[in-house]
Amino acid sequence: MFAISPEGFSLDGRPVRLLSGALHYFRVLPEQWPHRLRMLRAMGLNTVETYVPWNLHEPRPGTYDFTGVADLDRFLRATREAGLHAIVRPSPYICAEWDNGGLPWWLHADPEVRALRCRDAGYLAHVDRWYDRLAPVVAPHQVTRGGNVLMVQVENEYGSFGTDTGYLEHLAAGLRERGIDVPLFTSDGPDDFFLTGGTLPGRLATVNFGSRAGEAFASLARLRPEDPAMCMEFWCGWFDHWGTEHVVREPRDAADTLAEILGSGASVNVYMAHGGTNFSTWAGANTADPATGERYLPTVTSYDYDAPIDERGGVTEKFRAFRKVLEPYADGPLPDPEPPAPLLPPARAGLTDSLRLFDALEDLAGPETEAPLPPSFEELGLGQGLVLYSGRIPGPRQPYPLSVHGLADRAHVYVDGTPAGVLERDAAEAVPDVPVPSAGAEVELLVESMGRVNYGAGLGERKGVRRVLHTQQVLHGWRARAVELGHGTPGHLRWGGGSGSARGPVFLRGHLDVAEPADAYLALPGAGKGYVWVNGFCLGRYWATRGPQRTLYLPWPLLRAGRNEIVVLELDADAGTVPTAVETRETPDLG
Ligand code: GLA
């Protein structure tokens, strides 16, 4: 039995220190879970912690997925086989640099849902349904039933967001009613307001921080003298946004803080022990500073996190430094770290087939929707991808600026079929003086979503555009077509077909021949911005002209011996950034 007392944690009556590391199963391919979990053990950890992203498991209301990378049951079995205890942080909200913080986008298409992360009846109805499905997957793995799950979190850093403690009570009760009987806990920043907003009486409170452990634990102890000290997120690295510097944290500095945490007698969860990858369109985004106008910052595809176990599962200097700190706390000798899978030799595959997106629309896009104002992605039933909005500016008139309100997140603008510019959210959302012939002009906006905000008051955003103006006049009468981007898509491209458009994004295809599946880092010389698929699996977004990330991690399970199909969607082809080949490299370029 796992128990919590002011003195600390105990398991079957014996004191236990939780030396935990975060590893998100949904950021690593299932074939690689066992290796990564053994690497946690080799670093000196005895526990693994994972979030559960609701939006991955319920992609459409009432449609559930617990297969492949979403096979939570298989992951929890693997954690046990690796000899680790487990901590589960099960949603509804997880933050985690994950699209919408794990909340399904379709919540925003339901008029019954009026608010998130509080006792809004419409929201709670969906949460309760989700818990009906989730709890039976987790419950059998609890230590109370012979499994290895020691405790389960309620919400995530709720004190950073709101004050509806009744909502937290609802979630806790919901977990209990559905058979979660291990201790429940909360985790929050160490400031008073975080802890007063996010904690629950009678449930363990933990704190999250990257440094100044002493202060954080003192702040926790002032409020919760009866709780043993645990840092639920020790941020030993950090994540990156497109267009900003790659963030790293000195191994020595991180190891010193880890030593300080453990030296004080506390338990820890290293966030992240192994970060992995934001595959497909799952990367989230931040709004930097609401006070200064909320600049939108989308998160990159890599979630390497400068973690001790790198994106490919390899040992880093931080790994060695952490192992030294953790070793004295281990029950016995630590296993040796195992090398990751081999690397492909450097190779180059020409991208020889091409197909313009505008020529593939009939196959790729959903039915056309007409509305007076441009409908949002959510109204169109689209989670992630592109929407082509088409409207008209009546003529004759003088040239005036064309402006876009509420752009989320980036738009290629065409006037009468000619590229007129690329607009970005928060940047100049206007095309200067658009000349309109006497018969009027056709306006098209191809809008890309780049990840929903996952933290703070900006949570729950809609993608698309709110309105388009020519001078002060709102343009009415829009047609919209949605193109979903993610795993499996674009499955039905007719290479060599189409009418031969000379404009717009372009799909490119090449083949990579390999002797044996192995790891690689993909580079796309000459590329601008877009998406890459390997044998139908979407590796994620690239943005070579912006950085900082310039290679994409390609995990070996996606390859097969022989021919492998690589498909690229280059969005900025109008700007002349069209990759001609994909290259496999032996080292990552994260900036
Ligand atoms: C917070 C959240 C995590 C993650 C980290 C930053 O602590 O709880 O989900 O977003 O910040 O990586």
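What you are looking at is a predicted structure, and each value in this text was computed from that prediction instead of being measured. Ligands are counted one by one from 1 in listed order, and the atoms in each one are counted from 1 as well.
Ordered by chain and residue number, the residues placing a heavy atom less than 4.0 Å from ligand 1 are Tyr51, Ile94, Cys95, Ala96, Glu97, Asn156, Glu157, Glu233, Trp235, Trp238, Phe239, Tyr271, Tyr303, Tyr305.
Among residue pairs with one or both ends in residues 190-203, none qualify as side chain to side chain donor-acceptor pair (under 3.5 Å); sequence neighbours excluded.
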Residues Arg77, Arg74; criterion side chain to side chain contact (heavy atoms under 4.5 Å, CB included); working and verdict: CA-CA 5 Å; Arg77 270 186 280 127; Arg74 175 173 166 192; 4.0 Å; yes
Audit row: Val149, Ile180, side chain to side chain contact (heavy atoms under 4.5 Å, CB included) steps and yes/no: CA-CA 10 Å; Val149 172; Ile180 302 299; over 6 Å; no
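Ionic pairing of Lys529 and Glu448 is present here: one or more N-O contacts between side-chain nitrogen and carboxylate oxygen are shorter than 4.0 angstrom. For the pair Arg452 and Glu378, the salt-bridge criterion is met [side-chain N within less than 4.0 Å of a carboxylate O]. Here Glu233 pairs with Arg89 in a salt bridge; the nearest charged N to carboxylate O distance falls below 4.0 Å.
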